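Below is one structure, written out as structure tokens; the observations come after it.
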There are 2 protein chains.
Amino acid sequence: MDVPADAAPFIPQVFTISDLSAEFDVTTRTLRFYEAKGLLEPKRRGQTRLYSRRDRARLKLVLQGKRVGFSLSDIKEMLDLYDLKDGQTTQLNVSLNRFRERISDLQRQKIDIEEAIADLTRTCEIIQGMLKE
Amino acid sequence: MDVPADAAPFIPQVFTISDLSAEFDVTTRTLRFYEAKGLLEPKRRGQTRLYSRRDRARLKLVLQGKRVGFSLSDIKEMLDLYDLKDGQTTQLNVSLNRFRERISDLQRQKIDIEEAIADLTRTCEIIQGMLKE
DNA sequence: TTTTACCTTGACGTTAACGTCAAGGTAAAC
DNA sequence: GTTTACCTTGACGTTAACGTCAAGGTAAAA
């Protein structure tokens with residue numbers, strides 16, 4: 001009841017570079033690289049980086065984005081969009097379109113791969129035919 | 001009947017760099033690059049490159065190989081294999097295995113893409129849900 | 001107190017498949 | 001003869017996403 005509203009939380013939840021490195025299985029170099037690219041913005045304690053929960057959440061999003069094939073600059077743009085706290089709907093629509101474009105790309109790639117598989121399969125059959133002689 | 005067996009053919013079928021460039025829609029830079037990589041070996045008339053039908057056939061194979069996702073060095077290895085005119089069967093088996101490995105890779109990739117599509121689709125649905133509010 | 005471990009910045013290296021000049025040679029057409 | 005077109009080699013540039021030193025700072029443990 002008497003706890004001041006601005007009392008510092010007792011679970012600050014900050015992370016070192018090696019914490020995140022270990023948790024997400026990326027190198028420290030990668031984390032510094034993401035910072036240089038503006039994807040993360042850890043504070044410093046002296047020289048040492050201190051990552052907040054927000055940084056951690058962002059990192060998670062970066063890695064998710066990479067998994068589905070977005071480039072780092074794509075991801076940065078989207079993260080930056082979400083930082084503009086206004087016009088939520090607009091932001092969501094922008095990202096929605098991004099995602100849909102990416103889905104189209106992926107479907108195109110899938111077709112290409114299927115064609116390549118068909119090509120190679122046919123070629124294999126021809127070679128097998130030759131080997132039967 | 002009296003034509004000597006070693007008579008030069010009257011249809012030499014040689015090609016200039018721009019012939020091939022136009023026919024296969026690749027730049028001349030690309031053709032020189034492939035030569036530097038040992039994929040093509042055109043003769044020279046003075047300075048100028050003269051591509052034989054064999055070069056043309058090789059180029060065709062290179063482009064086919066690229067289409068199904070082989071690297072240039074993969075392709076070079078396979079082309080070189082076919083140049084060793086002995087042990088045909090062995091060569092064919094080697095390539096057959098290569099092709100099958102590539103097919104496996106592609107199938108793996110296809111699965112990855114399908115997963116990414118599923119991920120993105122799910123995310124889109126979530127966003128759409130948020131937008132309905 | 002020295003070792004050990006972890007942290008920092010900075011700068012250059014890597015890979016693939018060419019692109020892009022630069023600087024010049026040749027050759028046919030006008 | 002000069003313009004136009006095409007050819008040559010050589011060398012450096014590009015892109016992405018980090019990797020790999022180098023050289024040094026700090027701090028806790030032995």
Side-chain angles (χ1 to χ4, degrees), chain A residues 14-52 55-56 58-79 98 102 105-106 109 112 116, chain B residues 14-52 55-56 58-79 98 102 105-106 109 112 116:
Chain A
V14 293
F15 311 89
T16 71
I17 196 167
S18 45
D19 287 343
L20 292 187
S21 167
E23 179 175 359
F24 293 102
D25 193 33
V26 296
T27 66
T28 60
R29 177 70 183 92
T30 297
L31 293 174
R32 297 193 193 99
F33 180 73
Y34 288 172
E35 181 179 350
K37 290 283 169 178
L39 294 163
L40 303 175
E41 296 172 305
K43 300 284 186 290
R44 304 300 167 102
R45 177 181 52 196
Q47 286 275 72
T48 303
R49 288 167 173 80
L50 283 188
Y51 295 85
S52 65
D55 288 315
R56 184 169 168 283
R58 282 193 145 228
L59 176 56
K60 221 173 201 169
L61 289 172
V62 171
L63 298 178
Q64 277 180 28
K66 285 201 58 180
R67 274 215 317 274
V68 297
F70 285 108
S71 73
L72 293 183
S73 63
D74 288 341
I75 294 167
K76 176 170 165 48
E77 272 189 76
M78 294 193 289
L79 286 177
R98 282 278 168 81
R102 188 88 253 278
D105 283 359
L106 289 170
Q109 283 183 41
D112 288 347
Chain B
V14 293
F15 311 88
T16 72
I17 196 167
S18 45
D19 288 342
L20 291 187
S21 167
E23 179 175 358
F24 293 100
D25 194 32
V26 295
T27 67
T28 59
R29 177 70 183 92
T30 297
L31 293 174
R32 296 193 193 99
F33 181 72
Y34 287 172
E35 181 180 347
K37 290 283 169 177
L39 294 164
L40 303 176
E41 296 173 306
K43 298 287 185 291
R44 304 301 167 102
R45 179 182 51 195
Q47 287 275 73
T48 303
R49 288 168 173 81
L50 282 189
Y51 295 85
S52 65
D55 288 315
R56 184 169 168 280
R58 282 192 146 228
L59 176 56
K60 220 172 201 169
L61 290 172
V62 170
L63 298 178
Q64 278 180 27
K66 285 200 60 179
R67 273 214 317 274
V68 296
F70 284 108
S71 73
L72 293 184
S73 62
D74 287 341
I75 294 167
K76 177 169 165 48
E77 273 188 76
M78 293 193 288
L79 286 177
R98 285 275 168 82
R102 188 88 253 278
D105 283 359
L106 289 170
Q109 283 183 41
D112 289 347

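None of the values given here were measured: they were computed from a predicted structure. Numbered from 1 within each chain, the chains take letters A, B, ... in sequence-line order.
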- Residue-phosphate contact under 4.0 Å: B/S18 side-chain N/O, D/dC7 OP1/OP2: yes
- Query: Any idea which heavy atoms bring B/L39 and B/L79 closest together, and the distance?
  - Reply: CD2-CD1, 4.0 Å
- Would you please confirm or rule out a distance under 4.0 Å between OP1 or OP2 of C/dC6 and any side-chain N or O of A/T28? no
- Message: So, does A/K76 get its side chain near the phosphate of D/dA17, meaning an N or O under 4.0 Å from OP1 or OP2?
- Response: no
- Between D/dC6 (P) and B/Q47 (CD): distance, integer Å: 18 Å
- For DNA chain D, whose closest nucleotide is more 5', that of B/Y51 or that of A/S71? B/Y51
- Just how far, in rounded Å, is P of C/dT20 from CZ of B/R32? 14 Å
- Message: Regarding D/dT20, can its base be found pairing with the side chain of A/R29 as donor and acceptor, where the two atoms are less than 3.5 Å apart?
- Response: yes
- Note on the structure: Here the distance between atom P of D/dA16 and atom CZ of A/F70, to the nearest Å, is 16 Å
- Task: Using whole Å, report how far CG of A/D74 lies from C1' of D/dT15.
- Result: 14 Å
- Query: With respect to the phosphate group of C/dT9, does any side-chain polar atom (N or O) of A/R44 fall under 4.0 Å of OP1 or OP2?
  - Reply: yes
- When the distance from CD1 of B/I17 to P of D/dT9 is rounded to whole Å, what number comes out? 8 Å
- Item | B/R58 side chain near B/Y34 side chain, heavy-atom distance below 4.5 Å | no
- Message: In whole Å, I'd like the distance from the CG atom of A/L72 to the P atom of D/dT15.
- Response: 15 Å
- Return the value, rounded to whole Å, for the distance between atom CG of B/D25 and atom P of C/dC18. 12 Å
- Message: On the nucleotide C/dG19, are OP1 or OP2 found under 4.0 Å from the side-chain N or O atoms that B/T27 carries?
- Response: yes
- Query: Taking atom types as modelled, is there a side-chain donor on A/S21 or A/S18 under 3.5 Å from an acceptor on the other?
  - Reply: no
- Item | Atom pair distance, as rounded to whole Å: CG in A/D19 and P in C/dC6 | 12 Å
- Re C/dA22: Watson-Crick or G-U wobble partner, both distances kept under 3.5 Å, found to be D/dT9
- So, is B/Y34 close to the C/dC18 phosphate, meaning a side-chain N or O under 4.0 Å from OP1 or OP2? yes
- Query: Is the CZ atom of B/R44 crowded by more than 12 outside heavy atoms at less than 6.0 Å?
  - Reply: yes
- Query: Counting just side-chain N and O atoms, does B/R49 come under 4.0 Å of either OP1 or OP2 of D/dC7?
  - Reply: no
- A/A116 to B/L106 - nearest heavy-atom pair and separation: CB-CD1, 3.8 Å
